Amino acid sequence: MSADNTKGPSRPSQLSLGFPAKEPTLDALLVTEANESAMAVLHTPQAWPFPVICLLGPPRSGLSVLAKAWCREFDGSFYAAKEFSRLKTPGLSALATTAAVVDDADLVKKSENLLTLIDSAAAGGGRVLLTSKRHPSQWQTSSADLKSRFMALPVVEIREPDEEMLKARLESTAARFFLKLEPDLIKYVVPRLELSYTAIEIFIEKLSDKVTETGRAPSVPLARDVVEELGWANPDSAAFEDD
């Protein structure tokens with residue numbers, strides 16, 4: 001029987017594919033001007049001016065990844081907002097002497113749990129990291145006491161990416177989509193993206209769609225198609241709204 005020589009659409013070479021790494025440790029995370037102040041604080045919880053710190057960052061800046069890395073570094077407990085709201089008093093009291101994270105703390109429905117945790121950590125010597133995209137002064141609560149506690153929380157912040165962070169995040173975001181970006185593609189894209197984590201996510205999501213649609217590996221021509229379709233061909237024309 002003769003072999004079927006019919007060829008379908010070409011597929012990206014295996015060599016073009018990257019594979020996501022395991023969740024990083026705190027020491028493995030890239031430090032640039034965008035996050036160096038926050039990273040310095042997170043590495044030294046024993047030096048915090050107060051047992052509870054709020055970590056702020058723009059949308060898609062990797063707050064959860066950073067908070068989980070901090071938890072692993074200091075043997076802490078990680079709670080999403082919904083999970084934390086379900087904790088009862090014994091569970092909250094158990095955190096008084098340990099490290100704990102409440103991710104998206106501004107979304108916690110049972111705000112009295114935050115008050116209990118803040119008081120418990122202050123009394124027991126624990127360390128609590130609260131993450132949020134909004135400053136604590138904007139968090140909603142009907143308790144005047146809790147509002148004043150929120151206002152007094154020390155804050156550290158991850159800023160929008162500088163160019164070094166932009167390059168690294170392009171590669172790591174692409175890896176989540178099993179894509180590998182060659183240096184010439186990154187060189188082409190960097191001047192055309194706004195320095196924002198949202199821009200990185202939008203570009204890589206669209207590039208992944210293009211790879212699937214065309215069966216081609218990531219390349220400068222493919223990236224150019226994405227950039228033009230998004231209207232970012234002019235480096236000064238990119239505009240985004242945070243979600």
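Note that this is a predicted model, so its numbers are computed, not measured. Every heavy atom of this structure was used, including side-chain atoms; hydrogens, water molecules and symmetry mates were not. Index from 1, following the sequence.
Between Trp48 and Trp70, the ring planes lie parallel to each other; the angle is under 30°, not in the 30° to 60° tilted range.
Summarising the geometry of Ala217 relative to Leu222, their closest heavy-atom pair is O-CD2, 3.8 Å, with the distance given to 0.1 Å. Leu170 and Leu181 get closest at one heavy-atom pair: O-CD1, 3.6 Å. Closest of all the heavy-atom pairs between Pro24 and Val65 is CG-CG1, 3.9 Å. In plain terms, the two heavy atoms of Ser196 and Glu160 that are nearest each other are CA-OE1, 3.2 Å.
Between Lys167 and Glu171, none of the side-chain N atoms (NZ, or NE/NH1/NH2) sits under 4.0 Å from a carboxylate O, so this pair counts as no salt bridge. Under 4.0 Å is where a charged nitrogen must lie from a carboxylate oxygen, and between Asp119 and Arg149 at least one such pair does.
Atom NZ of Lys187 has 12 or fewer heavy atoms from other residues, nucleotides or ligands within 6.0 Å. Other residues, nucleotides and ligands contribute over 12 non-hydrogen atoms within 6.0 Å of the NZ atom of Lys210. Residue Glu163 qualifies as open at atom CD: its count of foreign heavy atoms under 6.0 Å is 12 or below.
With a 6.0 Å cutoff to the six-membered ring centre and a 45° limit on the axis angle, Arg169 does not count as a cation-pi contact of Tyr197.
At least one donor-acceptor pair closer than 3.5 Å links the side chain of Asp162 to the backbone N or O of Glu33.
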